[in-house]
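Just below is one structure, and these are the notes that go with it.
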Amino acid sequence: MRIVLVGPPGAGKGTQAAFLAKNLAIPHISTGDLFRANISQQTELGKLAKSYMDKGDLVPDEVTIAMAKDRMEQPDAENGFLLDGFPRNVSQAEALDEMLSTEGMKLDAVLDLEVPEDEVVKRIAGRRICRNDSAHVFHVSYKAPKQEGVCDVCGGELYQRDDDSEETVRTRLEVYHTQTEPIIDYYKAQGLVVTIPALGKVEEVTARSMEALAREDA
Ligand code: ADP
């Protein structure tokens, strides 16, 4: 299956993507994670990306599309993938369509994770992520780790993302509304969008998503 996950920052895309990708046995491709890996390896791409990410802005399309394309062309993505954080605007969506159609492929579904804005802000403000694996996500009040600052899963160090500060979050939400939300209409016109209410327990949201995908597949 070829799936795109959309939703505002803090909707739980990364958390859901990790579970869904495992259930569906397809790779989880997160452009945010790819950029963060480049930042920690101090590559040129990482330096460029960081200057945009820290402000909450989108990294320019040219480099983002090239990076996503390169990842989608890896052998593990041959039979499907779950895209998380890409596409993030209409021109990226068009580039993705073009990439897929050249290979005679198409998307199967676009899952739109819906969360009220005040909830999103609360989630992001308390979010802590493991340095070893971005799928190990905690929250200072909703999902506190047993020991402060330490990942329950692997013992890694928990940190707050630079772009999770209150000011940057405001910009990210605005960028989401103005640039990313239009892709939902773009995909609605293709009949691909399934809206998933993303409040409630992580497992409940995963179950809703799996059910929706089973219906799409039928
Ligand atoms: P979230 O989903 O919580 O907003 P991500 O980890 O997906 O966070 O993305 C973090 C940042 O990485 C974005 O705010 C943006 O600067 C950059 N980024 C990620 N994906 C893209 C993309 N497809 N196009 C441009 N910038 C991106």
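Note that ligands are numbered from 1 as they come in the structure, with each ligand's atoms numbered from 1 the same way.
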Taking only non-hydrogen atoms of Arg36 and a 4.0 Å limit, the atoms of ligand 1 in range are 6 (O), 10 (C)

Gln92 heavy atoms within 4.0 Å reach ligand 1 at atoms 22 (C), 23 (N), 24 (N), 25 (C)

Atoms of ligand 1 under 4.0 Å from any heavy atom of Gly85, numbered from 1 in the order shown, are 20 (N), 21 (C), 22 (C), 23 (N)

Of all protein heavy atoms, the one nearest atom 20 (N) of ligand 1 is Thr31 OG1, 2.8 Å

Charged N-O contact under 4.0 Å between Arg170 and Glu174: no

* Compute the minimum heavy-atom distance from Gln179 to ligand 1 and say whether it is under 4.0 Å. => no

Counting from 1 in the order shown, the ligand 1 atoms closer than 4.0 Å to a non-hydrogen atom of Arg161 are 1 (P), 3 (O), 5 (P), 6 (O), 8 (O), 10 (C)

| Taking N or O atoms only and a 3.5 Å limit, does Val59 qualify as a polar contact for ligand 1? | yes

Check: For ligand 1, is there an atom lying under 4.0 Å from some heavy atom of Lys55?
Finding: no

The protein heavy atom nearest to atom 11 (C) of ligand 1 is Met53 CE, 3.7 Å

| field | Check ion pair Glu44-Lys47 (N to O, under 4.0 angstrom) | value | yes

Among Lys13, Arg88, Arg172, the residue with a heavy atom nearest to atom 5 (P) of ligand 1 is Arg88

message = If the threshold is 4.0 Å, N to carboxylate O, is there a salt bridge linking Arg172 and Asp164?
response = yes

